[in-house]
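Here the structure is a predicted model, which is why all the values come from computation and not from measurement.
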Amino acid sequence: MPRAFTRVSPLRQRFRPLWWLAITFVLISFVTRVALLVMSGKEIPHTPLNLLYAFGVGLGYDLVTFIYVAWPMVLMLWLVPARRAPISGLGLWLLYLVGMALLYAACLGLVFLLWHVHVHESWPLIVLFLFFLPMPALAYSARSGQWAMYVMGLVLLYGLFFVAASELVFWNEFSVRFNFIAVDYLVYTTEVIGNIQESYPIGRWLALLMVAALVVFVLTRRGLRTRDDGSRFWQRSRLALVWLVLTVLSLFAVNSGMKDRTGNNYVDELAGNGIYQFFAAFRSSHLDYAKFYQTLPEDQAFAILRDNLKAPNASFVSDDPKDLTRAITHVGPEKHLNVVLISVESLSGDYLGTFGNKQNLTPYLDSLVDQSVFFDNLYANGTRTVRGLEALSLSVPPTPGDSLIREHNNENLFSIADIFNDRGYQSDFVYGGYGYFDNMNYFFSHNGYKTVDRGDIPKDAVIHSQNVWGVADEDLYTLALKQMDDAQAAGKPFFLHIMTTSNHRPYTYPAGRVSQIAPSRPGAVAYTDWSIRDFIERARSKPYFDNTVFVITADHCASSAGKTAIPINHYHIPLWIYSPKNFPPQRVHTLMGQLDIPPTLLGMLNFSYRTRFFGQDVFQLPAGGGHALPGTYEKLGYLRDDMLTVLEPRRRLEQFKPDYATGDATPIQPVNQAMVDQAIAYYQVASDLFKRGELVRRPSDATPVQPLPLPAPATSTAAPVSSASAPAATSSAAVAH
C-alpha cells in the first residue's frame, strides 16, 4: 500500500518513546560492558567464546533489566490522557494535594507497621509520590505532555549515565558488578558520598555526565515526540498489563546466578547487568539458609559439628546433642593479662615483606614476625569489615546475607567480651570513625563492650589528619591509650578491640610520616605500619606494658576480586600475638580461620571457661585438623585438606582445589561428600541457632571452670626441679605446629 495511505495506530504512536529508551539503554549497557572489559585487562582471555558469552548473555540481562527500568515511562504512557488534563481549577487541585498527602502518610504508617522502617529511612517513597503528583495536569498530545516526556527522558538518560559511571568506579575498586556492598553503601550515604568526594573530582564528573546527557538528548529527542491520535485507556491498559506480566515472569524465570557458568568470575560478572545485580543483592540481604542452601537432617548436622569441635581440653557440658556448650580446661592458673586487639582496615597478607612483598611497606610489622607468635596461614571470614568484627567478637561463620552485626535481634549474643567481663576486665570497642556506621556501636554496646568512637575525642584534642571514615590511626591510638590508662587507674585489666580506618580510600594520612606519595594505597599501608609502631612505642612507656598482649590482624583483605567466586589468595591475612615478656616468638603454620582467633587467644591466656564458639584453639588441633570459613554475602566457603567447598543459593555447591598463590581453582569431581557435609553443618547450625535465638549468652555461661592442678614436682635426687613452672600461657603457645 502506498505510504500516503498508511496509518500508524494511535497505540504505536503513544508508546514510541519506549523504543527510544530501549535503544538508549542497550547501547549504554553495551558501552559500559566494553569499558569494563578493557579495565579487566588480562583477567579475561579475549577468546571468541568468552566474548560471545559476556556480550550475548549480557544482552539478555540488559533486556530483562530494561523491563524494570522502563516502568516510569510505561506508567506515564499508560495513565496520562491524550488531549485533556483530568484536573483543573484551584479547588480540585487543593483536594487532590490533600488526598495525596493523606495517602503518603498512610503509606509511611503501613511501612512502619510492617517493617518498622522510620520516616527518615523511607525517603524513596517521596520519589514515587512526586512522580505521580503532576500527572493530573498533563495531556499527552499537548505541550504539557511533550515537556513532561522531555523531562522524563532527560532524567532517565542522566540516571543511566550516572549508573554507568558508578559501575566503572565500583569495578575499579572491587572488580565486580554492583553487589551487596553497593546495597550497604546506599544505607550509609554520609560516609559513602563523603568518601567519593574525597577520592574523586565528583563535581567535574557530574557536570561532564550532564553535558553528555544533554548532547545525546538533543541528538535523539525526535524519539521522544508525543503523538496520540485517539488511543483509549483500555487499549493502553492491555499493554501495561503485558508489561506487568513480563515483569512477573522475569522475576521467576531469571536470577542473578544463571550467568555464573564459565568458571571465570570476571567473565560471569561482565555478563551481568549492574542495575539487575544491585536489586538482586538487595533481595538477598536476608537470605534464609534453610530456604536457599543445601541442608542436612538437623541431628546429623549437629553431630558433625560436635565431632569437629572436639578437643583434648574441651568437654561438652550436656548430653543434649544440640547443645554446643563446652568447658575448656587448662592446667594451672589463668593469666589475666591486658589484651589489645587491633583489627587493621584491609591489611592483606601480600602487603608484608615476610610474604614476599618487595616494596618495604611494612618494615615494623615485618620485624615483629620474629618477636611474636606469628600465624602465617590465616584466612578472613569475608570481604567486609563487619565480617571481620563478627568473627573476632562472636567466633561464628559468615552466615549468608547480612552480618550478625547488622541483623535484628543481635543483642546479648555470647561474645569474647563476656568471657573477659566475667573476670573483671573493662572491655571497650574503640573506633576511629562514628560507630553508627554498619551498626557497630549498637552491636558492641549490646554485647558486652563499652563503645568509644570519634565522638568521644575531646574537642581540644590535636587531630593530625581525618577524612569521612575517621581520624588518623595515630589519633585513634591516642584515644585507645586514654582508655587503657583509665582502666589501669581504676585497677582493672582491660580488653580493647580497636578498629582502624586510615588504610581505606581516600588513603589520606598526616604529612611527613612516610615517604610514599599521598594519597595512595601504598602510602596508607606504610602509614598503617608507622602508626602501629608509634602506638606500641608509646605503650612501652606505660607501667602496664609488660602485662599487655597486642593482637594485630586484619578485618579483611584489600581486594576480593578474582577469577573464582572465592579467590583464596584474597582472604589471606596475617596475625601477630605480641607480648615479649609472656610469649616466646614462634611461627605457626596451622591452617586457621578468623573465627579461630578468639579461642586461640584465650588458650594462650590459659583461660578455663565455658564456650559455644564455632572457632577452635589451633594449639589443641591434631595435625592437619585446621580449616577456614571464607565467604561472601551469599557464597559460603569451607577450606580444609586443600579442598575449598563453596555452598551457593538455589542449593548449588562447587568444590575446588585452590591455588593459594593466584586464587585460581581447579574443580574437583566427584566432590568429597565428607567435606560438603562439614561445610553444611557449620553454616546450617550457625544460621539455625541465630534464627532461634540460641546464640545468646546464658546465665550458666558464667559458671567457673576449674583449671586442672599443676603436676606435682617430681622427687628425685638426681637433679632438683625448679619450683617456678613456666606460665601456662607460655607453655600453651610453645606447642610446635
Side-chain angles (χ1 to χ4, degrees), residues 11-12 14-30 32-33 56-80 103 107 110-111 114-115 117 122 124-133 135 140 148-149 152-153 155-157 159-160 162-164 167 177-180 182-183 186 223-224 231-260 271-287 291-292 634 649-650:
L11 205 60
R12 289 180 63 186
R14 163 72 74 135
F15 284 93
R16 183 185 175 192
L18 273 180
W19 283 104
W20 173 88
L21 182 59
I23 294 170
T24 302
F25 179 76
V26 169
L27 285 176
I28 291 174
S29 299
F30 175 81
T32 302
R33 195 167 282 113
V57 174
L59 177 61
Y61 273 98
D62 294 343
L63 294 176
V64 170
T65 307
F66 170 70
I67 296 174
Y68 309 133
V69 170
W71 262 109
M73 186 171 283
V74 170
L75 288 172
M76 181 177 175
L77 295 172
W78 171 40
L79 295 174
V80 174
L103 182 61
C107 288
L110 184 63
V111 167
L114 292 177
W115 298 290
V117 178
S122 306
L125 277 176
I126 194 65
V127 177
L128 184 63
F129 277 83
L130 290 175
F131 172 76
F132 285 106
L133 194 62
M135 281 198 179
Y140 188 74
M149 181 58 68
M152 173 173 284
V155 169
L156 287 173
L157 188 59
L160 293 176
F162 180 84
V163 170
E167 276 214 80
R177 295 279 196 166
F178 291 145
N179 61 11
F180 194 58
V183 176
L186 190 66
L224 291 171
S231 70
R232 305 297 183 189
F233 181 75
W234 65 269
Q235 293 175 313
R236 303 196 300 271
S237 296
R238 286 189 303 178
L239 194 143
L241 180 61
V242 169
W243 212 265
L244 178 62
V245 170
L246 289 174
T247 303
V248 173
L249 286 177
S250 69
L251 287 172
F252 288 97
V254 182
N255 60 67
S256 62
M258 294 175 66
K259 61 181 173 50
D260 301 333
N273 179 281
I275 298 174
Y276 185 93
Q277 296 298 110
F278 178 87
F279 286 101
F282 184 82
R283 294 198 304 270
S284 300
S285 63
H286 296 285
L287 286 172
K291 181 178 180 181
F292 290 96
E634 66 175 4
R650 295 169 295 282

Name all residues meeting the ring pair (Phe, Tyr, Trp, His ring centres under 6.0 Å) criterion together with [X]; count only those two or more places apart in sequence or in a different chain, and write none if there are none.
X: Trp78; result: Phe233
X: Phe25; result: none
X: Phe30; result: Phe55

Report the C-alpha separation of Phe15 and Ser231 in whole Å, then their side-chain angles, then the decisive distance to 0.1 Å, and conclude whether the side chain to side chain contact (heavy atoms under 4.5 Å, CB included) test is met. CA-CA 10 Å; Phe15 284 93; Ser231 70; over 6 Å; no
Return the SG to CZ distance between Cys107 and Phe129, rounded to the nearest 0.5 Å.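 Reported to 0.5 Å precision, the distance equals 4.0 Å.
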What distance do Leu224 atom CG and Leu157 atom CG have between them, rounded to the nearest 0.5 Å?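 It is 9.0 Å, given to the nearest 0.5 Å.
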Check the orientation of Tyr68 and Tyr276. Use parallel for under 30°, tilted for 30 to 60°, and perpendicular for over 60°. parallel
All pairs passing salt bridge (charged side-chain N to carboxylate O under 4.0 Å, His left out) where residues 238-251 contributes a residue, at least two apart: none
Pairs meeting criterion salt bridge (charged side-chain N to carboxylate O under 4.0 Å, His left out) with involvement of residues 57-76, two or more places apart: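 Pairs touching residues 57-76 that pass the test: Arg33-Asp62.
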Taking the side chain as C-beta and beyond, is there a heavy-atom pair between Arg177 and Lys259 under 4.5 Å?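 The answer is no, as the side chains (C-beta and beyond) never meet within the 4.5 Å cut-off.
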Not counting sequence neighbours, which residues clear salt bridge (Lys or Arg N to Asp or Glu O under 4.0 Å) with Arg236? List them please. none
Applying side chain to side chain contact (heavy atoms under 4.5 Å, CB included), run through Asn273 and Phe278 and close with a yes or a no. CA-CA 9 Å; Asn273 179 281; Phe278 178 87; over 6 Å; no
May I have the step-by-step check of side chain to side chain contact (heavy atoms under 4.5 Å, CB included) for Ile275 and Phe178, ending in yes or no? CA-CA 7 Å; Ile275 298 174; Phe178 291 145; 5.7 Å; no
Within 6.0 Å of CH2 in Trp19, more than 12 heavy atoms from elsewhere: no
